[in-house]
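These notes are about the structure you will find just below.
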Amino acid sequence: MAKHGKNYRNASEKVSADLYSPKAALELVKELASAKFDETIDVSIRLGVDTRKADQNVRGSISLPHGTGKTVRVAVFAEGEKAREAEAAGADIVGADDLVASIQAGNFDFDAAIATPNMMAKVGRIGKLLGPRGLMPNPKLGTVTMDVAKMVGELKAGRVEYRADRYGICHVPLGKASFELVALVENYQALITEILRVKPAAAKGRYIKSVVVSSTMGPGVKVDGTKVRALMED
């Protein structure tokens with residue numbers, strides 16, 4: 001069992017085993033974030049799905065209304081006019097064969113990748129390098145697109161990916177501890193609404209089984225996953 005420091009143990013003592021409303025949970029997590037850096041606030045949502053079955057996979061992306069507070073470095077696989085559009089939109093790295101070669105050499109100085117459809121044959125050659133890092137462009141996530149400028153803007157503004165792992169859990173950043181409470185609550189509401197929207201038809205029984213929010217260095221706080229509307233009012 002991992003040993004936690006004094007600050008973590010003190011924070012844990014302030015957390016009840018009861019379910020908190022989303023607003024109360026996020027307010028407590030903000031209060032307990034005591035590290036010297038601006039901690040990230042994360043949410044873990046355990047779903048009643050069997051991801052071994054293709055028709056129960058839950059995966060997608062969403063632009064959080066207040067972003068995540070993280071500076072996102074974006075790489076774009078494109079040529080010609082589309083490369084120029086990506087650069088103008090603020091992409092950090094733009095290239096084609098040269099970008100593929102750079103990645104093959106072990107350079108992964110970016111957090112997200114976009115590709116135009118005609119570049120996917122080249123990108124496919126490095127799929128085994130990008131895939132395990134969650135960096136492979138994917139048409140279902142909107143990162144294989146001709147509208148590279150729009151996607152660069154969305155990724156820079158705080159577009160996040162959600163994906164149920166083999167245990168059916170989605171881990172997603174909601175923002176920073178320095179965010180106003182209302183911003184965190186609105187980001188949470190946008191995400192939970194999206195998760196409900198993409199519920200697989202094949203999923204049976206209780207869909208949202210548990211929700212926990214936490215800061216980078218803080219304890220988890222259990223959230224009442226049945227509360228999904230008007231979250232600032234409770």
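Numbering of residues begins at 1 and proceeds along the displayed sequence.
Remark: Arg133 engages no residue in a side chain to side chain donor-acceptor pair (under 3.5 Å) (not counting sequence neighbours).
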Run the numbers on Leu47 and Lys209 for side chain to side chain contact (heavy atoms under 4.5 Å, CB included), then give the verdict.
CA-CA 5 Å; Leu47 303 175; Lys209 289 194 168 185; over 6 Å; no
Could you check Val43 against Tyr162 for side chain to side chain contact (heavy atoms under 4.5 Å, CB included), going step by step and ending with a plain yes or no?
CA-CA 11 Å; Val43 61; Tyr162 58 85; over 6 Å; no
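Between the side chain of Tyr188 and the main chain of Val213, no donor-acceptor pair closer than 3.5 Å is present. Under the 3.5 Å distance criterion, the side-chain polar atoms of Asp111 are matched with a main-chain donor or acceptor of Arg73. Within the 3.5 Å criterion, the main-chain N or O of Gln189 finds a donor-acceptor partner in the side chain of Thr193.
Expressed to the nearest 0.5 Å, how far OG1 of Thr145 lies from CD of Glu154 amounts to 9.5 Å. Going from atom CG of Leu130 over to atom CZ of Phe108 covers 6.0 Å, rounded to the nearest 0.5 Å.
Screening residues 33-46 for salt bridge (charged side-chain N to carboxylate O under 4.0 Å, His left out), with sequence neighbours left out, gives no hits.
Using a 3.5 Å distance cut-off with no hydrogens or angles, the side chains of Asp224 and Ser21 do not pair a donor with an acceptor. Looking at Asn118 and Thr116, their side chains do bring a donor and an acceptor atom within 3.5 Å of each other. Defined by atom type and a distance below 3.5 Å, a donor-acceptor pair is missing between the side-chain atoms of Lys70 and Thr40. Between the side chains of Thr51 and Arg166, no donor-acceptor pair of N or O atoms lies under 3.5 Å.
Considering only heavy atoms from C-beta on, Pro200 stays 4.5 Å or farther from Asp55 through its side chain. Residues Phe179 and Asn187 form a side-chain contact, since some pair of their non-hydrogen atoms from C-beta on lies under 4.5 Å apart. For the pair Leu155/Ile114, a side-chain contact is recorded, criterion being any heavy-atom separation below 4.5 Å from C-beta on. Between Lys222 and Asp18, the closest side-chain pair of non-hydrogen atoms is not below 4.5 Å. Residues Met119 and Lys82 are not in side-chain contact: their nearest non-hydrogen atoms beyond the backbone lie 4.5 Å or more apart.
Chaining together hydrophobic side chains whose heavy atoms lie under 4.5 Å apart places Ile169 alongside Tyr167.
Other residues, nucleotides and ligands contribute only 12 or fewer heavy atoms inside 6.0 Å of the CD atom of Glu180.
At a threshold of 4.0 Å, the pair Lys156-Asp92 counts as salt-bridged, since one of the basic side-chain nitrogens sits closer than that to a carboxylate oxygen. We find that Lys30 and Glu27 are not joined by a salt bridge, their nearest charged nitrogen and carboxylate oxygen being 4.0 Å or further apart. Electrostatic pairing of Asp50 and Arg52 counts as a salt bridge here, judged by a charged N lying under 4.0 Å from a carboxylate O.
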